[in-house]
Amino acid sequence: MSSSTSETPAITPRQTMRGHTGTVRHVVHLPGGRRIITCSFDGSLRLWDLESGTQIGEDWRDENDGVWSMALSPNGEIVASGCFDGKVRLWDIETKKVIYKWTGHSKVVCALCWSADGERVASGSWDGTAKVWDVKTGKNILTIETRHTWVWAVTYSPDSSKLATGGYEKHLCVTINVTY
């Protein structure tokens, strides 16, 4: 592959979706490849049709004032959102309604990740903690004092046996073996 004379091709966006009134923080593709969900600082989640570029239905809203993060469940039926109010919400994609609301973080939840089996959600917050939630019971089953000032990232290993966090302050990455 030749290098110095070749140019990177420019790609033009296929659709521009308009509707959010605040910064769009996250996007997830839904199974089937025809729809996406976006979340925004304006406090809403929105479902979009990729072919037409139009919003499907009304905004999804709860009492929160801003949605910072989002993660799609492995089965593609539930989306978790992390909010400015420190709560994690689980939304049923079909009904567009909150089915669970978890409290435990004292500051914005800016990172989320599902376990491979869909039984747990990990959340990371500006309060410096990562938490693991049991999806069936809604209980916080593990709290990790990460040594980050803010937790910016959480991710499970492919087999969900380990959890890694990334955060602000000295670029620490904390990996722990997860046992419940």
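Since we're looking at a predicted model, the values are computed, not measured.
- For the pair Cys83 and Trp68, the minimum side-chain heavy-atom distance is 4.5 Å or more.
- Closest approach of Ser44 and Asp59 over heavy atoms only: CB-CB, 4.0 Å.
- A donor-acceptor contact shorter than 3.5 Å is absent between the side chain of Ser125 and the backbone of His105.
- The backbone N or O of Arg25 lies less than 3.5 Å from no partner atom in the side chain of Thr23, so there is not a single donor-acceptor pair.
- A heavy-atom distance below 4.5 Å is not found between the side chains of Asp85 and Val109.
- For the pair Leu112 and Val121, the minimum side-chain heavy-atom distance is below 4.5 Å.
- The main-chain N or O of Gly128 is found under 3.5 Å from a side-chain atom of Thr146 such that the two form a donor-acceptor pair.
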Legend entry - From CA spacing to verdict: ring pair (Phe, Tyr, Trp, His ring centres under 6.0 Å), Trp114, Trp133: CA-CA 10 Å; Trp114 288 79; Trp133 307 88; over 10 Å; no

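- Of the charged side-chain nitrogens involved, at least one lies within less than 4.0 Å of a carboxylate oxygen, so that Lys87 and Glu63 count as a salt-bridged pair.
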Inset, instruction - Evaluate side-chain contact (heavy atoms from CB on, under 4.5 Å) for Trp91 paired with Ile37, printing each intermediate quantity in order. - result: CA-CA 11 Å; Trp91 301 78; Ile37 299 173; over 6 Å; no

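- Side-chain N or O atoms of Ser160 include one that pairs as donor or acceptor with a backbone N or O of Ala116 at under 3.5 Å.
- For the atom pair Ser115 OG and Leu163 CG, the distance stands at 10.5 Å (nearest 0.5 Å).
- Under the 3.5 Å distance criterion, the side-chain polar atoms of Gln55 are matched with a main-chain donor or acceptor of Gly57.
- Of all heavy-atom pairs between His148 and Val151, the closest is CD2-CG2, 3.9 Å.
- The closest donor-acceptor contact from the side chain of Ser69 to the backbone of Ser81 lies at 3.5 Å or more, if one exists at all.
- Distance check: Thr54 OG1 to Arg18 CZ gives 14.0 Å after rounding to the nearest 0.5 Å.
- Between Val79 and Met70, some side-chain heavy-atom pair lies under the 4.5 Å cut-off.
- In terms of heavy atoms, His20 sits closest to Ser40 at ND1-CB, 3.1 Å.
- Ile36 is not connected to Ile56 by any chain of hydrophobic side-chain contacts under 4.5 Å among Ile, Leu, Val, Met, Phe, Trp and Tyr, and they are in different clusters.
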Inset, instruction - Starting from the C-alpha separation in whole Å, work towards a yes-or-no answer on side-chain contact (heavy atoms from CB on, under 4.5 Å) for Val135 and Leu90. - result: CA-CA 9 Å; Val135 173; Leu90 296 191; 4.1 Å; yes

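- Lys101 NZ: more than 12 foreign heavy atoms inside a 6.0 Å radius.
- Panel note: side chain Ser157, backbone Ser161; a donor-acceptor pair is recorded below 3.5 Å.
- Side chain of Arg89 to main chain of Tyr100: no donor-acceptor pair is present (N/O by atom type, distance under 3.5 Å, no hydrogens or angles).
- Side-chain atoms of Ser106 do not come within 3.5 Å of backbone N or O of Asp127 as any donor-acceptor pair.
- With values rounded to the nearest 0.5 angstrom, Ile78 atom CD1 is found 4.0 Å from Ile99 atom CD1.
- For the pair Leu50 and His29, the minimum side-chain heavy-atom distance is below 4.5 Å.
- Hydrophobic cluster membership is shared by Val98 and Leu72, with clusters built from Ile, Leu, Val, Met, Phe, Trp and Tyr side chains linked at under 4.5 angstrom.
- Note on Val108: it does not cluster hydrophobically with Val88, by side-chain heavy-atom contacts below 4.5 Å among ILVMFWY residues.
- Between the Asn140 side chain and the Gly104 main chain, no donor and acceptor come within less than 3.5 Å of each other.
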Inset, instruction - Mind running side-chain contact (heavy atoms from CB on, under 4.5 Å) on Thr38 and Trp48 for me, showing each step along the way? - result: CA-CA 8 Å; Thr38 56; Trp48 303 90; 2.8 Å; yes

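- Follow the hydrophobic side-chain contacts under 4.5 Å out from Tyr156 and you never reach Trp102; the two are in separate clusters.
- For the atom pair CZ of Arg46 and CE of Met17, the computed distance is 12.5 Å after rounding to the nearest 0.5 Å.
- Under the 4.0 Å criterion applied to side-chain N and carboxylate O atoms, Lys136 and Asp134 are not assigned as salt-bridge partners.
- Under the 4.5 Å side-chain heavy-atom criterion for ILVMFWY residues, a single connected hydrophobic cluster contains both Val67 and Trp60.
- For the atom pair OG of Ser73 and CD1 of Ile93, the computed distance is 6.0 Å after rounding to the nearest 0.5 Å.
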Inset, instruction - For Lys131 and Leu142, run side-chain contact (heavy atoms from CB on, under 4.5 Å): C-alpha distance rounded to whole Å, both residues' side-chain angles, the deciding distance at 0.1 Å, then the answer. - result: CA-CA 6 Å; Lys131 294 183 180 289; Leu142 182 65; over 6 Å; no

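- Ile141 contributes atom CD1, which lies 4.0 Å from atom CZ of Arg120 (distance to the nearest 0.5 angstrom).
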